[in-house]
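Heads up, the thing below is written out as structure tokens.
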Amino acid sequence: MYKMIAIIGGAGAGKDTVLNKVIYEAGPAPASILTSTISCTTRPPRDYEKDGVDYHFLDNETFAGYVLENKFIEVAEFNGWFYGTLKDDLKKDKINIAVLNP
């Protein structure tokens, strides 16, 4: 069974700030019981973003294939791009924290 916390808010609401504070307060990995999820997206990376660290950057065809294969726990469209959290990225021995837009 997975344990999950969702931090939900509009763009610019401070979701990442809350996530970083909670993760910091929980203590250093691997001892911490908390872990943040890495979302998949079809949007291109920004200059400072790294694949597999900030997001998993996917093309539309791969993303659609994952949807059809039921690989996501959640998917959403935001500003014309698709986002989702892969089931395989969740950890059973941690509390997974996801940052989501409503």
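Just so you know, these numbers use all the heavy atoms, side chains as well, and skip hydrogens, waters and symmetry mates. Keep in mind it's a predicted model, so treat the numbers as computed, not measured.
Applying the salt bridge (charged side-chain N to carboxylate O under 4.0 Å, His left out) definition to pairs two or more places apart or across chains, none involves residues 85-99.
The salt bridge (charged side-chain N to carboxylate O under 4.0 Å, His left out) test applied to E61 returns no partner, not counting sequence neighbours. A search for ring pair (Phe, Tyr, Trp, His ring centres under 6.0 Å) contacts involving F63 returns F72, F82, not counting sequence neighbours. Partners of K71 by salt bridge (charged side-chain N to carboxylate O under 4.0 Å, His left out), not counting sequence neighbours, listed by chain and number: E69.
Cluster membership check: W81 does not share its hydrophobic cluster with V75, using side-chain heavy-atom separations under 4.5 Å among Ile, Leu, Val, Met, Phe, Trp and Tyr.
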Side-chain donor-acceptor pairs of residues 7-17 under 3.5 Å, sequence neighbours excluded:
unit_1: K15; atom_1: NZ; unit_2: G9; atom_2: O; d: 3.0
unit_1: K15; atom_1: NZ; unit_2: G10; atom_2: O; d: 2.9
unit_1: K15; atom_1: NZ; unit_2: N101; atom_2: OD1; d: 3.0

Could you tabulate the donor-acceptor pairs under 3.5 Å formed by side-chain atoms of residues 21-34, not counting sequence neighbours?
unit_1: K21; atom_1: NZ; unit_2: E25; atom_2: OE2; d: 3.0
unit_1: S32; atom_1: OG; unit_2: L34; atom_2: N; d: 3.0
unit_1: S32; atom_1: OG; unit_2: L34; atom_2: O; d: 3.4

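Atoms NE2 and OG1, on H56 and T85 in that order, are 9.0 Å from each other to the nearest 0.5 Å. Separation of atoms OG (S36) and CD1 (I97) is listed at 7.5 Å; rounding is to 0.5 Å.
Side-chain atoms of P45 and D54, non-hydrogen and from C-beta on, never get closer than 4.5 Å to each other. You'll find the side chain of L90 reaches within 4.5 Å of the side chain of I73, heavy atoms only. E49 places a side-chain heavy atom less than 4.5 Å from the side chain of F57.
Side-chain N or O atoms of T41 include one that pairs as donor or acceptor with a backbone N or O of R43 at under 3.5 Å. Not one N or O on the side chain of N96 forms a donor-acceptor pair closer than 3.5 Å with the backbone of M4.
By the 6.0 Å and 45° rule, R46 does not stack over the aromatic ring of Y55.
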